[in-house]
Student: 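Quick one: this structure, given as structure tokens, is what I'll be asking you about.
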Amino acid sequence: MGIKYDPFVAGDFPGGQTEIIKEILTQKYIVMLGQYEVFTDVRRAAKATPVVTLGIAPYPGAGATALPERYIYPQNEINTNPNTPNPPPGISVALTYF
């Protein structure tokens, strides 16, 4: 005995393709939160044409438009890895590439 969902129809998304993409990416973001694919999807959607905004709340204290830029270093990593930055950067600090 399971839950039965009706399939999406065009009328569910009055905004067209952009609304469909937004719905799919939002659900994927929620389900896969904390995994690498989520960060990639959010960045790609922000640079897509047309731009797809997911309505994801920014990280608290990071500013009104800041989205997570990196993973949080777990305390175990900070305690045991001498290469961990000190102090560890916040989640909204952009990555620096060499």
Side-chain angles (χ1 to χ4, degrees):
M1 186 174 182
I3 299 173
K4 183 176 187 307
Y5 294 96
D6 293 329
F8 289 131
V9 295
D12 293 336
F13 304 100
Q17 184 178 2
T18 302
E19 288 296 317
I20 294 170
I21 293 170
K22 178 181 177 180
E23 182 67 25
I24 291 168
L25 291 179
T26 300
Q27 289 182 20
K28 186 175 178 184
Y29 182 88
I30 292 167
V31 170
M32 300 180 74
L33 187 61
Q35 296 184 23
Y36 184 76
E37 292 84 2
V38 171
F39 291 98
T40 302
D41 283 347
V42 171
R43 284 192 210 101
R44 285 181 179 165
K47 296 183 187 289
T49 305
V51 172
V52 178
T53 56
L54 302 183
I56 298 166
Y59 184 71
T65 60
L67 289 171
E69 293 282 343
R70 60 174 65 235
Y71 293 113
I72 299 171
Y73 286 104
Q75 191 62 48
N76 187 42
E77 184 77 14
I78 295 169
N79 293 343
T80 59
N81 186 348
N83 296 318
T84 304
N86 189 11
I91 193 171
S92 62
V93 176
L95 293 171
T96 305
Y97 298 100
F98 299 97

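Note that these values count all heavy atoms, side chains included, but never hydrogens, waters or copies made by symmetry.
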Student: Please output the side-chain donor-acceptor pairs of residues 78-85 that fall under 3.5 Å, not counting sequence neighbours, one pair per line with the distance.
Tutor:
| unit_1 | atom_1 | unit_2 | atom_2 | d |
| --- | --- | --- | --- | --- |
| Asn79 | OD1 | Gln75 | NE2 | 2.9 |
| Asn79 | ND2 | Gln75 | O | 3.4 |
| Thr80 | OG1 | Asn76 | O | 2.7 |
| Asn81 | OD1 | Asn83 | N | 2.8 |
| Asn81 | ND2 | Glu77 | OE2 | 2.7 |
| Thr84 | OG1 | Glu77 | O | 3.3 |
| Thr84 | OG1 | Asn81 | O | 3.1 |

Student: Report the hydrophobic cluster partners of Phe8, with the cluster defined as I, L, V, M, F, W, Y residues connected by side-chain heavy atoms closer than 4.5 angstrom, directly or transitively.
Tutor: Phe13, Ile20, Ile24
Student: Output the distance between atom CD (Glu19) and atom CG (Asp12), rounded to the nearest 0.5 Å.
Tutor: 11.0 Å
Student: In Å and rounded to the nearest 0.5 Å, what is the CD1 to OG1 distance from Ile21 to Thr26?
Tutor: 11.5 Å
